[in-house]
Amino acid sequence: MSGAPASPNPDDHTRRERIERRVRDTDGRRAALYALLLGLVAFYLAPLEAGLMTAFKTTDAFNRTVPFLPPFGGGFTVEPWEIAFDAMSNALVNSLLLAVPATVLSATLGSIAAYGLTTIDWKYQTALVALFIAGIFIPYQAVLVPLSRLYAIVNTQELLSFLWGLPLMHEHYASIINLIVTHTAYGIPITFLLFRGYYQSLSHEMIEAARLDGASVYSIYRNIVLPLSKPMFAVTLIYQFTQVWNDLLFALVILPSGGGAAAPVTIALNSLTGGIVESFNTQMAGAFVAALPTLLVYVLFGEQFAKGVAGEA
Amino acid sequence: MQRLKDALRRITPRNGDETGEVRTDGGATVTGESAESETGTGRSLLSSDFLRSMPFWLPPFLLMGFFVYGAIGWNLVISLTDFEGLLLPEYKISEFDLEMYREAFSDPSFWTAAQNTLVLLVAFTGVCLVVGLLLAILVDQEIRFENTFRIVYLLPMSLSFVVTAKFWAWMYNPEIGMINVTLRQLGLDFLTLQWISNPETKLAAVIFALIWQFSGYAMVVYLAGLRAIPTAHYEAAKVDGASSLKMYWRVILPQLRASTMSAAVVLMVFALKAFDFLYVMFGNNPGPAADILATMMFREAFGSNNWAYGSAIAIVLFGMALAVVAPYLYSEYRRGEL
């Protein structure tokens with residue numbers, strides 16, 4: 001498998017013959033392996049590649065060309081990108097205003113909760129841990145009706161009316177604040193789980209030593225645990241940013257019908273004229289506009305994320 | 001903030017603050033410390049450790065608890081009413097009943113949706129695990145550019161359901177979609193299908209796209225599991241003359257149980273969120289062939305204002321999730337992982 005030399009084997013074949021055969025076999029097998037891996041690359045990238053090509057074609061061009069080939073012989077256009085970007089630029093700002101605070105808040109709250117429930121032991125804390133973790137597995141359908149009712153009663157826009165006179169503030173930010181609070185709350189279980197696994201693996205001696213030196217639980221967190229949490233914060237932030245950026249369901253339920261001025265990119269993309277054949281290039285361009293931030297995050301930090309998921313950050 | 005900390009410090013000394021502990025313990029060792037906390041936990045719930053940890057977990061817990069457990073409780077109450085679209089239901093305990101559940105259980109479209117939900121959960125999770133394991137084994141062969149391959153396989157997971165639904169709606173388009181056009185180019189016209197408008201292939205097409213999106217996740221989990229198996233086990237199998245296939249089946253696979261469990265649970269969570277995908281692809285009503293409880297619940301509650309009926313369906317869905325997750329959490333607890 002790994003090509004490690006096997007123990008010498010006194011067979012009737014000459015040594016040279018055996019080595020030659022093994023090299024040949026290995027080469028054949030390696031070639032097949034790489035062919036398979038590349039075939040899989042094609043499978044996983046095909047929709048993205050074909051979508052990208054389509055987004056650069058005029059309507060006429062994608063009707064007469066092969067979907068995954070670039071627009072040879074004319075028919076190249078950036079118009080779909082301009083249309084999509086115009087239609088979604090406001091939503092991009094909304095998604096950013098929503099995803100960044102929600103991500104940071106839920107990561108921070110998950111971190112302190114995990115710290116409180118790993119470094120200090122008391123009776124029944126397992127029950128509390130179970131309640132935190134079970135939150136990950138809640139199907140969101142089970143909370144949608146209450147959420148929609150809650151935000152029908154709580155008028156954030158009125159509560160924060162003193163804000164709307166300030167420069168750069170808009171009334172539709174009230175809906176975004178509702179979404180931030182919601183995403184933060186539902187993000188806590190998963191960030192808690194990620195941080196808890198990490199804190200359990202931290203050296204207990206170091207924390208114990210700091211305790212004996214008279215450090216309070218707060219200064220231990222601030223001066224020792226928090227600086228050590230950087231790799232896990234990276235993982236959590238990547239995961240949560242992707243989750244919040246990609247969410248459609250909460251936006252559908254919590255925002256006014258159709259999303260209004262507060263619509264994030266998922267809603268804006270969904271409402272880019274669907275169904276009509278002519279608009280496929282625009283829709284593909286829009287899909288890339290909406291996906292670009294998370295795609296970038298994965299390409300740049302995917303390795304770190306994979307390690308974090310595997311619990312080896 | 002500083003005032004809050006001072007206040008907390010003033011509370012804690014009564015139950016033994018940090019400096020006090022150091023003084024009483026003297027040069028306490030780790031064992032001394034754990035012995036002390038054992039007696040401490042035996043005393044009462046309001047031990048000093050409980051109070052010291054509370055400022056950390058209480059605010060996050062209140063926020064999460066309100067939105068998760070509070071909301072589920074509220075949803076449960078609504079499902080016992082016949083609430084149909086004023087601002088809030090009237091809560092008359094004497095009038096609470098299981099009418100909505102009776103209605104659901106006697107509704108054929110509910111059973112169709114429940115069946116589709118199960119098919120989606122099982123088929124999606126099962127195939128994702130198999131594909132993920134195969135990917136992990138392939139990537140684990142000491143290949144070059146391993147990181148690149150891994151990132152490519154994981155890449156679709158970074159996309160939102162909205163984006164993947166847009167891509168696959170186009171892939172599946174019968175006239176100009178990539179799948180049918182490619183098949184025609186290859187002269188395989190007889191294989192072209194109306195992938196997502198044909199009831200027989202609709203759900204399978206959805207599941208296939210979701211597998212495309214999430215099998216990379218299963219790969220990542222399995223890869224970590226494979227790497228955690230000591231090389232000695234591979235060597236031992238090889239010395240015993242086991243073929244690669246036999247080695248993976250008999251020696252490696254049984255050791256990947258924990259990976260399988262955790263990947264399966266997370267994949268099921270993704271499957272429960274497939275609502276977004278279906279909603280973008282088919283709108284409010286995917287039709288009986290692909291309707292799942294999540295889409296049915298949304299349609300009833302937010303499309304037709306049948307709030308109580310939607311809530312009841314949501315509780316059924318919650319029960320399904322609980323049936324999967326509770327045994328998992330319990331087994332984690334038994335293994336001391338919780």
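Below, all heavy atoms of this structure are taken into account, side chains as well, without hydrogens, waters or symmetry copies. Below, chains carry the letters A, B, ... as their sequence lines are ordered, and counting in each starts from 1.
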Start with the C-alpha distance between A/Phe137 and B/Met268, add both sets of side-chain angles, then the distance that settles side-chain contact (heavy atoms from CB on, under 4.5 Å), and finish with yes or no.
-> CA-CA 9 Å; A/Phe137 306 108; B/Met268 283 183 191; over 6 Å; no
Checking side-chain contact (heavy atoms from CB on, under 4.5 Å) for the pair B/Leu272/A/Tyr140: CA distance, chi angles, key distance, verdict?
-> CA-CA 8 Å; B/Leu272 287 172; A/Tyr140 287 155; over 6 Å; no
Which is it for A/Leu252 and B/Phe275 under the side-chain contact (heavy atoms from CB on, under 4.5 Å) test, yes or no, and what are the steps along the way?
-> CA-CA 12 Å; A/Leu252 280 177; B/Phe275 166 86; 4.1 Å; yes
After noting the C-alpha distance and the side-chain angles of B/Phe145 and A/Leu37, does the key distance pass the side-chain contact (heavy atoms from CB on, under 4.5 Å) rule?
-> CA-CA 11 Å; B/Phe145 310 114; A/Leu37 286 166; over 6 Å; no
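Contact record, A/Pro47 with B/Met171: CA-SD, 3.7 Å, taken as the closest heavy-atom pair. Taking all atoms of both residues into account, the shortest heavy-atom contact from B/Lys166 to A/Leu269 is CE-O, 3.5 Å. Of all the heavy atoms in B/Ser53 and A/Gly116, the pair that sits closest is CB-O, 3.3 Å. Across A/Ile188 and B/Pro60, no two heavy atoms sit closer than the pair CD1-O, 3.6 Å. Across B/Trp170 and A/Gly51, no two heavy atoms sit closer than the pair CZ3-N, 4.0 Å. The shortest non-hydrogen separation linking A/Asn246 to B/Asp276 is O-OD2, 4.3 Å.
Only the side chain of B/Val269 comes within less than 4.5 Å of a heavy atom of chain A; its backbone N, CA, C and O stay farther away. Contacts of A/Tyr186 with chain B are made by side-chain atoms alone, with heavy-atom separations under 4.5 Å and no backbone atom involved. At a 4.5 Å heavy-atom cutoff, the contact between B/Leu154 and chain A is made by backbone and side-chain atoms alike. Proximity to chain A (any heavy atom under 4.5 Å) is restricted, for B/Ala301, to the side chain, taken from C-beta onward. Heavy atoms closer than 4.5 Å to chain B are found in both the backbone and the side chain of A/Ala134. The contact between A/Gln243 and chain B is made entirely by side chain atoms (from C-beta outward), counting heavy-atom distances below 4.5 Å. For A/Leu105, no part lies near chain B; criterion is any non-hydrogen pair under 4.5 Å. Of the two parts of B/Met64, the backbone and the side chain both hold a non-hydrogen atom closer than 4.5 Å to a non-hydrogen atom of chain A. Interface residue B/Val280: backbone and side-chain heavy atoms are both found under 4.5 Å from chain A. For a residue to count as touching a neighbouring chain, one of its non-hydrogen atoms must lie under 4.5 Å from one of that chain's; by this rule A/Val299 touches chain B with backbone and side chain alike. Proximity to chain A (any heavy atom under 4.5 Å) is restricted, for B/Phe302, to the side chain, taken from C-beta onward. Looking at A/Tyr298, the atoms closer than 4.5 Å to chain B (heavy atoms on both sides) sit in the backbone and in the side chain alike. For B/Met297, the part lying under 4.5 angstrom from a heavy atom of chain A is the side chain only. With a 4.5 Å cut-off on non-hydrogen atoms, B/Tyr69 touches chain A through its side chain but not through its backbone. Neither the backbone nor the side chain of A/Ser257 comes within contact range of chain B, judged by heavy atoms closer than 4.5 Å.
Put simply, CG on B/Leu322 and CD1 on A/Ile138 are 7.5 Å apart, with the number rounded to the nearest 0.5 Å. How far OG1 of A/Thr119 is from CZ of B/Arg52: 8.0 Å, rounded to the nearest 0.5 Å. To the nearest 0.5 Å, atom CZ of residue B/Phe61 and atom CZ of residue A/Phe132 are 6.0 Å apart. In this structure, B/Leu135 CG and A/Leu40 CG are separated by 5.5 Å, a value rounded to the nearest 0.5 Å. The CZ atom of B/Phe167 sits 6.0 Å away from atom CE of A/Met284, with the distance rounded to the nearest 0.5 Å. With rounding to the nearest 0.5 Å, the separation of CZ in B/Phe50 from CD in A/Gln125 is 10.5 Å.
Ranked by heavy-atom pairs under 4.5 Å with chain A, the list B/Val77, B/Leu62, B/Leu76, B/Val163 is led by B/Val163. Between chain A and the options B/Gln185, B/Lys273, B/Gln213, the largest number of non-hydrogen pairs under 4.5 Å is found for B/Lys273. Between chain B and the options A/Leu131, A/Leu144, A/Leu33, A/Leu295, heavy-atom pairs under 4.5 Å are most frequent for A/Leu131. Ranked by non-hydrogen atom pairs under 4.5 Å with chain A, the options B/Trp74, B/Trp168, B/Tyr328 are led by B/Trp74. Listed options A/Ala287, A/Pro189, A/Pro293, A/Ala142 were ranked by heavy-atom pairs under 4.5 angstrom with chain B; first place goes to A/Ala142. No other option in A/Leu150, A/Ile267, A/Ile238 has as many heavy-atom pairs under 4.5 Å with chain B as A/Leu150. For the set A/Trp245, A/Phe192, A/Tyr221, A/Phe288, the entry with the most heavy-atom pairs within less than 4.5 Å of chain B is A/Phe288. Per-residue heavy-atom pair counts under 4.5 Å with chain B were compared for A/Ala50, A/Ala46, A/Gly135, and the maximum is reached by A/Ala50. Per-residue counts of heavy-atom pairs under 4.5 Å with chain A were compared for B/Ile143, B/Ile78, B/Leu155; the largest is that of B/Ile143. Contact tally against chain A (heavy-atom pairs below 4.5 Å) for B/Thr182, B/Val181, B/Leu159: the top residue is B/Leu159. Between chain B and the options A/Ala113, A/Gly110, A/Ser111, heavy-atom pairs under 4.5 Å are most frequent for A/Ala113.
Contact annotation for residues 146-153 of chain B against chain A (heavy-atom separation below 4.5 Å, listed by residue number): B/Asn147, B/Phe149, B/Arg150, B/Ile151, B/Val152, B/Tyr153.
Applying the salt bridge (charged side-chain N to carboxylate O under 4.0 Å, His left out) rule to pairs touching residues 38-51 of chain A yields nothing, sequence neighbours excluded.
In this structure a side-chain-to-backbone donor-acceptor pair under 3.5 Å is missing from B/Tyr279 to A/Leu249. For B/Asn75 (side chain) and A/Val145 (main-chain N/O), no donor-acceptor pair under 3.5 Å exists by modelled atom type.
Taking the side chain as every heavy atom from C-beta outward, A/Val143 and B/Ile72 approach each other to under 4.5 Å.
Relative to the ring axis of B/Trp307, A/Arg149 places its NZ or CZ within 45° and under 6.0 Å from the centre.
Each of A/Thr294, A/Thr242, A/Thr266, A/Asp247 was scored for a side chain to side chain contact (heavy atoms under 4.5 Å, CB included) with B/Ser160, with one residue passing: A/Thr266.
For A/Tyr218 and B/Phe56, the ring centers sit closer than 6.0 Å to each other.
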